[in-house]
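Chain naming here is simple, since letters A, B, ... match the order of the sequence lines and numbering starts at 1 in each. For the numbers below, each heavy atom of this structure counts, side chains included, while hydrogens, waters and symmetry mates do not.
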Amino acid sequence: MSLAAEAFVSQMAAAEPWPENATLYQPLKEDQILLSDCASSLAVQAYLRMCGLPVQVVCRANAEYMSPSGKIPFIHVGNQVVSELGPIVQFTRAKGHSLSDGLDDVQRAEMKAYMELVNNMLLTAELYIQWCDDATAAEISRPRYGSPYSWPLGSILAYQKKWEVRRKMNAIGWGGKSLEQVYEDVSQCCQALSQRLGTQPYFFNKQPTELDALVFGHLFTILTTRLTSSELAERIKSFSNLLSFCRRIEQTYFEDRSS
Amino acid sequence: NGTVIPIGQSLDPLPMHGPELGLQADDIEAPGIEQDPKQEVLENKNVVVQRVHIDGLGRTKEDLLTYEIAEVFRAKNLIDVMRKSHEARQKLLRLGIFRKVEVVIDTSRGEDALPNGLDVTFEVTELRRMTGSYNTMVGNNEGSMVLGLKLPNVLGRAEKMTFQFSYGTKETSYGLSFFKPQPGHFERNITLNVYKVTGQFPWSSLRETDRGISAELSFPVWKTSQTLKWEGVWRELGCLARTASFAVREESGHSLKSSLSHAMVIDTRNSSILPRRGGLLKIHQELAGYTGGDASFLKEDFEIQLNKTLFWDSVLSASLWGGLLLPIGEKPTSIADRFYLGGPTSIRGFSMYSMGPQSEGDYLGGEAYWAGGVHLYTPLPFRPGRGGFGDLFRTHFFLNAGNLCNLNYGEGPQAHLKKLAECLRWSYGLGIVLRLGNIARLELNYCIPMGVQSGDRICDGVQFGAGIRFL
């Protein structure tokens, strides 16, 4: 989002309180959504639950194309449409809801750095496994991605997406990586997160922040999604404090509400 | 022997060097044959057409032409030979493969020549193998460059291949089409198309990219022209701006439409732009979803136009359009399939396609519509430029009315008719019409919109319109 658009969004947003009928859009849960989109969507849902902002989750086959940035998920609040976690965090802050207001500047910079790490490592690894690992792409990603469309459109769109992701991987230097190297990157990323978390309940002690939401979204989705190989989940399972972190957030923010 | 009759000079009523037949075909009035004493003598003289030559053929296959010139052999006298040669020439020109066709009739020579034998020679000049065109267009905040390539007679049997490529500052479009007529029956033909077209529709805040293939079969039945078509289109819809309404945003994304359609046209008008007499009936129906694809609907629409010449060269013209879109299955209809109404080419006095169902200022189109118009066309006051440039202009008075809405198909036909009859939109006004060739027209009107419903965007006063199809 451009600076001007960002300023415009936050100004507009500040004027109105959070409405009851706020909606979050994501692809079809059963047949269509892929690991990376599911993780991003869960991160936003976790963040909004941590803020105590109600949102209704709606599944649409064309959610990706409805999103103003082309990325999953996006929320429709009043007459505003905002996509992805970063802009959504800014949007809620403009409305007076924030999780990171209690942090000082150093902590906030640290939080941003770890969020970048998660986006650059975990999200990219998810995309790599989905589209660049031939077995996963052929067995899971392509059929699921094209499932809402009739032949031959489903295949065309799936291949288009695959090429798009591969181009992106080549641009950021991941094109030549092997699957083993990607798993190793994930392990290193988790190692860093595990060390930062230590024995605290959340990354910045007692209060969750958007970083917690982001990490939860990705780790929980990887742990609960069945892929062609369980290697990715296994790498995370070796960090016990991250596992209990996921369980804690799930119990605090997801199980209590639904029961 | 050996008297060559250069037809263009000896017989004025048969203009052998007449204008090239192109789109202006219906401009040419069929020449009546005057009977003067000198020709009567020729008419009584029996002749036999012994040979027909076609000179100047390059890549054209001869078997194609034998169908077109076969009638010449049946001529029994000289006048008949001339008339039939003339008809054959028109047929040859209509194929669109010759730049020039000239006819020379000569007495037969050689050993087997009969005393009353004639040889007819068609001297043809073929069109070039490839012709190209280059245009630049400037539109609403957009400029584009259009490249066109045409390959007439590409396989030697009047097949035509055309390619158009438009490269714009915002959008790129292209189209490739192949046309093949049945030899001897030019009206029976098939057309194959491959295209990509991108359009921006600011009245709906919508951008649409279509990539499609289609196959079309046209043939005449009695006085009608029938077209059967299959089309497969991959449609990509998106919002034109961030501020687009959520209703349009919800329609974004990809869909595949595979449809079978049928069109029937009866056109007895003397000209398609500013006709003086005759009528037009056009019926079009489209069934999508039966042959695959994501979109399922049945679409019917029609167009009727009647023209009558009144006193002092004025023409009264009445038109009626209507259409209905029925979704099949639970899926609602797409914004790309619905009907739009309003603007200088349909109901004047309203902004382009800016009436009917809308959301936050974006017009979503309707599933049913009708529109009617009555025009009185008169020559310009005091008739400046009469017989020349001035004849391209007409003044007109018009009254337009119509309606566009969505139907709830559970309610039954009575409720539908009621819905289409209430909340009527109508307008009247007067203006000047300029005819551009025989394909398009420009209008400058002063409009007074009368029946306006809330949400409609009007254009009160002067409105300019350009287009091919007018209500």
Verify, without hydrogens or angle tests, whether [X] (side chain) and [Y] (backbone) share a donor-acceptor contact under 3.5 angstrom.
X	Y	value
B/E159	B/F178	no
A/T23	A/N21	yes
B/S205	B/L240	no
A/T124	A/N119	yes
B/N193	B/S214	no

Practice problem: Give me the ring orientation class for B/F165 and B/Y167: parallel if the planes are under 30° apart, tilted from 30 to 60°, perpendicular past 60°. | Solution: parallel
Quiz item: Going by the angle between their ring planes, with limits at 30° and 60°, are B/W203 and B/F201 parallel, tilted or perpendicular?
Solution: tilted
Exercise. Please report the shortest heavy-atom distance between A/R60 and A/Q32, naming the atom on each side.
Key: O-OE1, 3.9 Å
Exercise. Tabulate, in ascending numerical order, the residues of residues 228-238 of chain B having at least one heavy atom closer than 4.5 Å to a heavy atom of chain A, or enter 'none'.
Key: B/W234
Quiz item: Based on non-hydrogen pairs under 4.5 Å, which of B/A244, B/G253, B/G292 is most in contact with chain A?
Solution: B/G253
Quiz prompt | Proximal component of B/S255, with respect to chain A [non-hydrogen, under 4.5 Å] | solution = backbone
Practice problem: Applying ring pair (Phe, Tyr, Trp, His ring centres under 6.0 Å), run through B/F297 and B/Y290 and close with a yes or a no. | Solution: CA-CA 9 Å; B/F297 61 81; B/Y290 191 70; over 10 Å; no
Quiz item: Can A/R166 and A/D133 be counted as an ion pair, charged N to O under 4.0 angstrom?
Solution: no
Self-check item: Part of residues 137-149 of chain A lying next to chain B, heavy-atom separation under 4.5 Å
Solution: A/P148, A/Y149
